[in-house]
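Working notes, beginning with the structure itself.
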Protein chains: 2
Amino acid sequence: MAENKIPYKIYLEENEMPKKWYNVRADMKNKPAPLLNPGTHQPMTAEELGGVFCEELVAQELDNDNQYIDIPQEIRDFYKMYRPSPLVRAYCLEEKLGTPAKIYYKFEGNNTSGSHKLNSAIAQAYYAKKQGLKGVTTETGAGQWGTALSMACSYFNLDCKVFMVKCSYEQKPFRREVMRVYGASVTPSPSMTTDIGKKINAEHPGTTGSLGCAISEAVEVAVKNPGYRYVLGSVLNQVLLHQSVIGLETKAALDKYGIKPDIIIGCAGGGSNLGGLIAPFMGEKLRGEADYRFIAVEPASCPSFTRGKFAYDFADTGMVCPLAKMYTLGSDFIPSANHAGGLRYHGMSPVLSQLYDDGLIEATTAKQTEVFEAAEQFARVEGILPAPESSHAIKVAIDEALKCKETGEEKTIVFGLTGTGYFDMVAYEKFHDGKMDDYIPTDEELAQYAAKLPNID
Amino acid sequence: MAENKIPYKIYLEENEMPKKWYNVRADMKNKPAPLLNPGTHQPMTAEELGGVFCEELVAQELDNDNQYIDIPQEIRDFYKMYRPSPLVRAYCLEEKLGTPAKIYYKFEGNNTSGSHKLNSAIAQAYYAKKQGLKGVTTETGAGQWGTALSMACSYFNLDCKVFMVKCSYEQKPFRREVMRVYGASVTPSPSMTTDIGKKINAEHPGTTGSLGCAISEAVEVAVKNPGYRYVLGSVLNQVLLHQSVIGLETKAALDKYGIKPDIIIGCAGGGSNLGGLIAPFMGEKLRGEADYRFIAVEPASCPSFTRGKFAYDFADTGMVCPLAKMYTLGSDFIPSANHAGGLRYHGMSPVLSQLYDDGLIEATTAKQTEVFEAAEQFARVEGILPAPESSHAIKVAIDEALKCKETGEEKTIVFGLTGTGYFDMVAYEKFHDGKMDDYIPTDEELAQYAAKLPNID
């Protein structure tokens, strides 16, 4: 391969890194629906939210107006330790596929948390510290968010209490150990240390837990302990705001070389990566300045966009959190035990849900065996061993590139490579040993969960 | 912290990446001693070496004259997927230590192999492919080299047979699985598939293997199978040549900002990282153009520089490899079972051994608990969870920075952060649980192994 004009990796200079986050809500005609008080069904006030979340984060959560929000210097300094992340031109993948498409990926895995989650973790820890809090509580499933928050809290000397879904706690001792390096306390959920944990353990003896349950426990501990607040790694408006740094860097890197993407693809669980990646591009689309195709890829086993309902639902199993209007499968929904990666949350970010409902985003699903096939193909030519979550985006990027091969179109495809799979080798092993299946929930199953949605509009 | 003139991470542009490797042997007055035929004790000829190694690599191994050797375009293209690696200014660590010293680290862990090993793996795979070979064989201990070679072979479509030290094979199933993603075959060593493996299994029933034994097995398979050659990830002159890319990038990055380091620190097992990191700086020192302090840090449990002999020794347990003159503990030496990280090879690169014997490098040791303490301290402020191997360099860099705090000197310290510890969480767990000890071999033990050195001069 000869010297290419566009480098393999486009890095911004440190002084080109974003100094403000972009708030896509400011440009949305139809704003995301407000969070509701689960008791009164009235919009949550800043005061009510302040019992659970940090003040400054509540302000960001409720801010539908300011287009840009300054990134405090302390957060920008932390970002400099692992950002800017590279925008990589996938020359080797293009060659392997024989496609005329130009493929780029924004790689967020070059940090110890292994994913983009650190972008919001450090922001949330910073505001907690600034408020003079002692510590924060959270939940984690696969462990990426918990690791990211542990790193952030360690940096600001904050206590960090993580409730880790019990099956992950037992199956992923290494993630747990990484959190321990950063000084976090990690409790398997459901635990016997909270009221909701005791209740769930009593009702479902031997349960291996769920994200929704771990959220309830973390919220309970935050509310009951003075000096603590709860933080969440996805779904919330504030998280999408922080994650806009991904999209802003991506856009700045593309602009440097005069590249305009045709398609932007991201995996979607709670929506933090997709929301962040597409944010400034969506802004252009909303303002009528440019057009892009946005594709959300979700697991066929947890299809909230493609098979869920757009309705108010509980964010957690214990129903202690505010109600959010989102595409949801129902707060009791848990993907099949055979589902290997993350992206297992029952609902989707209210911002993305509104954009999807307005026809501004497309959504599609991928089955896990085809996702791991794409992951391995990618690893062998591009070097990086991807996270199962990210590989959903790889799968669809490859599909779109192969369509270009058929039509001869030289489309520019950008996808989010949210993280690495170094702590997911058990899943890769299952894949290699042929022990992975592609169970997809039936319409009847989904209807059962949907029937339990609270009836609010 | 205010905006700093020197960025947190210095990245070279793609077109600033080295186009040639630097061969420090060309500038050495006292050349490293030649490899000897284990039968005749005569210097190995290119023809003899060609039975084990690829032709081009043999030429590089024997080349004591050419100061620079072109990096083929194909290798430079692969380098572009994960290089240039960042030279990081450890602002947060400096602040935490309260030192006036300026600390930099060259971080080689941002690739799926997790270490610098990929720099030589891709070169060796390239020359094997160019020679029209079917595949290569090798050994791996902790698994970093095996992973790197698997990635390189997958890229060039070469078969890759890895003999993995049995205890690592059993204790590190995830590394094994990563190699499987890249299509390598991994066999626990000693195996029953080679003569030497059968012999060692018969003599030491239940043995969990050693690097020296795995090398013997890999060499046997390479020699007996047409179209195969053996490749090695450290110690050899050719490996240090390839790894000079680390030092060349480091020097180019420092030169960009007019920074002259005072002290350069690297961990030392077989010497590939240290040799590569210091190469161009050592060149300046050898040519009388500049002076630097170079510090090799080895585990107290495997102290080849500090407590070994400078003598001809076998490179492997089976004594099938050429003899090398190096600092060695004896080819039967194996560090205590409680030794957690890599850096467990009995000998040291002949190039570094000669430089050390000539008084051009200092060496020191670190005990493993203090190494893990330094690792955790580093992780908490700099974000990156380091490999146990790399943490030897961190420990001594911190010590030197603290000396500067006492004296008030503003020294510039550069160290090699060779890799990440994501596959070493069992070791971190031992550390956290207080199950790690600091066993150091006694003089009597070392004398026993030294007594078995072949008597050649």
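Per chain, numbering begins at 1; letters A, B, ... match sequence-line order.
- Heavy-atom distances place both the backbone and the side chain of P84(B) under 4.5 Å from chain A.
- Judged by distance alone, with hydrogens and angles left aside, the side-chain atoms of K9(A) form no donor-acceptor pair with the main-chain N or O of E14(B) at under 3.5 Å.
- Of the possible donor and acceptor atoms, one in the side chain of R380(B) sits under 3.5 Å from a partner among the backbone N and O of V181(A).
- Here the side chain of Y182(B) pairs a donor or acceptor atom with the backbone of G383(A) at under 3.5 angstrom.
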- Task: Applying ring pair (Phe, Tyr, Trp, His ring centres under 6.0 Å), run through Y428(B) and F174(A) and close with a yes or a no.
- Result: CA-CA 9 Å; Y428(B) 274 94; F174(A) 292 170; over 10 Å; no
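- Using a 4.5 Å cut-off between heavy atoms, R176(B) contacts chain A through its side chain alone, with no backbone atom that close.
- Taking L118(B), V178(B), V88(B) one by one and counting their heavy-atom pairs under 4.5 Å with chain A, the maximum is reached by V178(B).
- Proximity to chain A (any heavy atom under 4.5 Å) is shown, for E382(B), by both the backbone and the side chain.
- Along residues 143-154 of chain A, the residues that come nearer than 4.5 angstrom to chain B, judged on non-hydrogen atoms, are M151(A), S154(A) in order of number.
- There is a side-chain donor-acceptor pair under 3.5 Å between T112(B) and Y422(A).
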- Item | Candidate pair F78(A) and C92(B), rule side-chain contact (heavy atoms from CB on, under 4.5 Å), full reasoning | CA-CA 9 Å; F78(A) 188 88; C92(B) 299; over 6 Å; no
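- For K430(A), the NZ atom is densely surrounded, since the number of other residues' heavy atoms within 6.0 Å is greater than 12.
- Options F431(A), F107(A), F372(A), F423(A) differ in how many heavy-atom pairs under 4.5 Å they form with chain B, and the most are formed by F423(A).
- If you take CG on N110(A) and CD1 on I384(B), they are separated by 9.0 Å, rounding to the nearest 0.5 Å.
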- Item | Chi angles and distances behind the side-chain contact (heavy atoms from CB on, under 4.5 Å) call for E429(A), R180(B) | CA-CA 9 Å; E429(A) 192 174 21; R180(B) 221 167 145 199; 4.2 Å; yes
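- With a 4.5 angstrom heavy-atom cutoff, N157(B) does not touch chain A via any of its atoms.
- For the pair Y8(A) and D77(B), the minimum side-chain heavy-atom distance is below 4.5 Å.
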